[in-house]
Amino acid sequence: MLLIDLARTSTAVAADSARLTKIGHLAELLGRVGPDEAEIAIAYLSGELPQRHIGVGWAGLQDPPDPRLAATATLRQVDDLLDRIKAQAGPGSQAARRSLVTELFGALTRQEQTFMMRLLRSELRQGALDGVMIEAIAKASTVPTAEVRRALTLRGWLPAVGAAALSGGVEALRAFHLEVGRPVSPMLAQSATSVAAALGKLGGPAAIEWKLDGVRVQAHRSGDTVSVFTRTLDDITARVPELVEAVRALPSQDLVLDGEVIALRPDGRPEPFQITSGRVSSRVDVAQVRAKTPLRVFFFDALRVDGADLLELPGEARHAALAAAVPPELVTPRLVTDDVASGEAFFADVIRAGHEGVVVKSLQTPYAAGRRGAGWIKVKPRHTLDLVVLAAEWGSGRREGRLSNLHLGARDPRTGGFVMLGKTFKGLTDELLAWQTQRFLELAEGPTDGWVVALPPVLVVEIAFDGVQQSSRYPGGMALRFARVIRYRPDKTADQADTVDMVRSLML
DNA sequence: TTCCGACAGTGGGGTCGCAAT
DNA sequence: ATTGCGACCCCACTATCGGAA
C-alpha cells in the first residue's frame, strides 16, 4: 500500500468531526491493507510509529526538501527508512539521521510530507487516535469492540492487536492472554475534589489508599526472572535493583504486581518527586545512585499470582491475593470504609505525612487496564494563588490565533516587580480564550516576537496548583507544579497579588 | 430529551543521557 | 565543560460525540 493512501485517509478523517464518519474512513482503509503492512497502517493512523521513537523530534524536522509530484512511496519503504533512522548511533549519528530524514521527505509528495511531519511530531490532529482506531479495527474485521479492547489490554500495542483481528478475527484476538514478562496497560484513575465526593461517586464502602508521589511500576516475576515496567510500558528493570530483589525474595514464583516506587527520607517522609524521578531515570552507575537514594516499593494491586489471572476479579479479591503474596511493609497503606468522616481523617493524615493524596477504589470493579475507569478516583489537596499575567503565547492547533499560554508572576515587595513562576494554558474555556486574546492585544505594549506577547502587569488571575518545586529555569528558583487557571480576578489589582514570599513558604 | 463516559487536543516542569560544540 | 535535543517521568483541563438513561 502507498503512503498517499494513508495521507488521504487521514485528511478525510480530519475533515469531519463525526466520530462514526472517522471510523468509516479508517475501516475502509483497513479493509484494503495487506497483512504485511497492516501494523504499519494501524500505527501511523493512530498517531504512533512501529519503532515507537526514532530519535527525531521537532528540531530534526526543519526545512524539508521540495516535495515530489508523483506518490510512489510504499508503507514498507517508509518503515524501512524509519528503521534505518532509529538505528543510527554514536558520533556522526545526528548528521546521518538528518540525511536520512531528508531522503525520506524527498521521496514524498506535499500531502505525504504534511502527514509524515505531523506523525513524527506526534501532532496528527485528525481527531482520531487509539480510541477511534479500536472501533475502526472492530468494524473492519467484524469483531466486537470489547474483544479488541480485551486483547489490547493484554498485549499493550494496538497495531499487533489490529493486525491479528484483521487476519484472524475473534479467534486470533482470543489467543492474547496475560503473559508474564510482557506488560499490561496500567489502570488509571479519575479525579475528585474530596474524599466525600469520591465515596459518593462509588457508593458504598471503598478502599482509600495512600497516593505516593513516585513512579508507577508493574513488576513481573517468572521463577528467578523479574522485569519491571513503567506506565508507558518501558522496561526499567536495570534501574530499580531494589525492586527486583524485593520481588525475587517473595515466596511466589509467578507474579504480576502493580505499585509505585518512591524515595523516602530516613524519617519515612517522601522525598520531592524530583528526587525519585532523577533516581529512576538514572541508567549509569545505578549502584552508586542506589546507595545515595534508595527506592522503596509499595504494591497496591495483583494481576496474577501463582498461575491465576486476576484481572477480571473484583478489586477486593485482587487485594486479598496481593496481601497473601506480599508482606505488609510492601503493601500500600489503605483504609476500607464507607464513612465519610473517617475517610476525610485518613486523607488528612496522609497529607500530614507528606504524601500526595489518596486513591479511592471500588471494591467491586475489575482491573480496567489502559482506561481511566470509574473504579479508581484520586483525591489531592489543591492550593490556589492570585498571580499576575506577565505575558502570553500564541496557541497552536485548535488554539491557533488565540493567546493561550500565560506567563505567571508573583509580586516581589522588595523590588516592586514580579517574579515569573511558570506558565499555564489549562482551565481556559473557548470563551475565556477569546476574551483574553482581545484584552491582551489591547494591553500589549511594544513589538512582539510573533510568539510571546509581553503585557503590563495589571491582570490578576486565580491559579490552582499542586505544589511548589525547585526550579533552575525561573529567577525565583521555584516553579508551580500543574498550574491551571481557575478564574480572572477583576476585583483585584496587581498590588494585591500574592507575593514570592508566600509562594516560597509553600516550598517545603 | 438530557445526561454523562470516553476521547482527543493543548500544552506544563523536571531529569537523564547522548551528540555536538 | 557546556549546550541542545529527544525521551520519559509526573500531569489538568475543556470540547465534543454519541450511547445511556
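Lettering of chains follows the sequences in order, A, B, ..., and the numbering in each one begins at 1.
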Contact class for A:E123 vs. all strands (heavy atom < 4.0 Å): base, sugar-phosphate, or nothing? nothing

Go ahead and name the base partner of B:dG13; Watson-Crick or wobble counts if both distances stay under 3.5 Å, otherwise write none. C:dC9

Less than 4.0 angstrom between a side-chain N/O of A:N405 and OP1 or OP2 of B:dT10, yes or no? no

Identify whether any heavy atom of A:D213 sits under 4.0 Å from a base atom; if not, whether one sits that close to sugar-phosphate; answer base, sugar-phosphate or nothing. nothing

Base, sugar-phosphate, or nothing for A:V215, non-hydrogen atoms under 4.0 angstrom? sugar-phosphate

NA contact type, A:A18, heavy-atom cut-off 4.0 Å: base, sugar-phosphate, or nothing? sugar-phosphate

Would you kindly compare A:T21 and A:L233 by the position of their nearest DNA chain C nucleotide and give the one closer to the 5′ end? A:L233

How would you label the contact of A:R398 with the nucleic acid (heavy atoms, under 4.0 Å): base, sugar-phosphate, or nothing? sugar-phosphate

For A:S471, report the nucleic acid contact type (base, sugar-phosphate, nothing); a contact means any heavy atom under 4.0 Å. sugar-phosphate

Do any side-chain nitrogens or oxygens of A:R283 fall under 4.0 Å of OP1 or OP2 in B:dC16? no

Any side-chain N or O of A:K22 under 4.0 Å from OP1/OP2 of C:dC17? no

Using a heavy-atom cut-off of under 4.0 Å over every strand shown, decide if A:V485 touches base, sugar-phosphate, or nothing. nothing

Reckon A:L406 touches a base, only the sugar-phosphate, or nothing at all at heavy-atom distances under 4.0 Å? nothing

Taking the minimum atom-to-atom distance to the side chain of A:F482, which one of B:dT15, B:dG17, C:dC10 wins? C:dC10

Think A:R484 has a side-chain N or O under 4.0 angstrom from the OP1 or OP2 of C:dC13? yes

Is A:S17 close enough to C:dC17 that one of its side-chain N or O atoms is under 4.0 Å from OP1 or OP2 there? yes

Assign A:A479 to base, sugar-phosphate, or nothing according to its heavy-atom contacts below 4.0 angstrom with the strands shown. sugar-phosphate

Taking only Lys NZ, Arg NE, NH1 and NH2, and the carboxylate oxygens of Asp or Glu, determine whether A:E135 and A:R19 approach each other closer than 4.0 Å. no

With a 4.0 Å cut-off on heavy atoms, is A:D466 in touch with a base, just the backbone sugar-phosphate, or nothing at all? nothing

Using a heavy-atom cut-off of 4.0 Å across all strands, would you classify A:T424 as base, sugar-phosphate, or nothing? nothing

Contact under 4.0 Å: A:S396 side-chain N or O vs B:dG11 OP1/OP2: yes

Picking from B:dC16, C:dC11, B:dA6, which would you name as closest to the side chain of A:S281? B:dC16

So what does A:K211 touch, heavy atoms closer than 4.0 Å: a base, only the sugar-phosphate, or nothing? sugar-phosphate

Against the six-membered ring of A:F425, is A:R399 placed for a cation-pi contact (under 6.0 Å from the centre, within 45° of the normal)? no

Short side-chain N/O contact from A:Q190 to OP1 or OP2 of B:dA6, under 4.0 Å: yes

Strictly below 4.0 Å, N to O, side chains only: are A:E400 and A:R125 in salt-bridge contact? no

So, does A:K378 get its side chain near the phosphate of C:dA12, meaning an N or O under 4.0 Å from OP1 or OP2? yes

Heavy atoms only, 4.0 Å cut-off, all strands: where does A:T276 land among base, sugar-phosphate and nothing? nothing

Which one, B:dA8, C:dC8, B:dG14, comes nearest to the side chain of A:T232? C:dC8

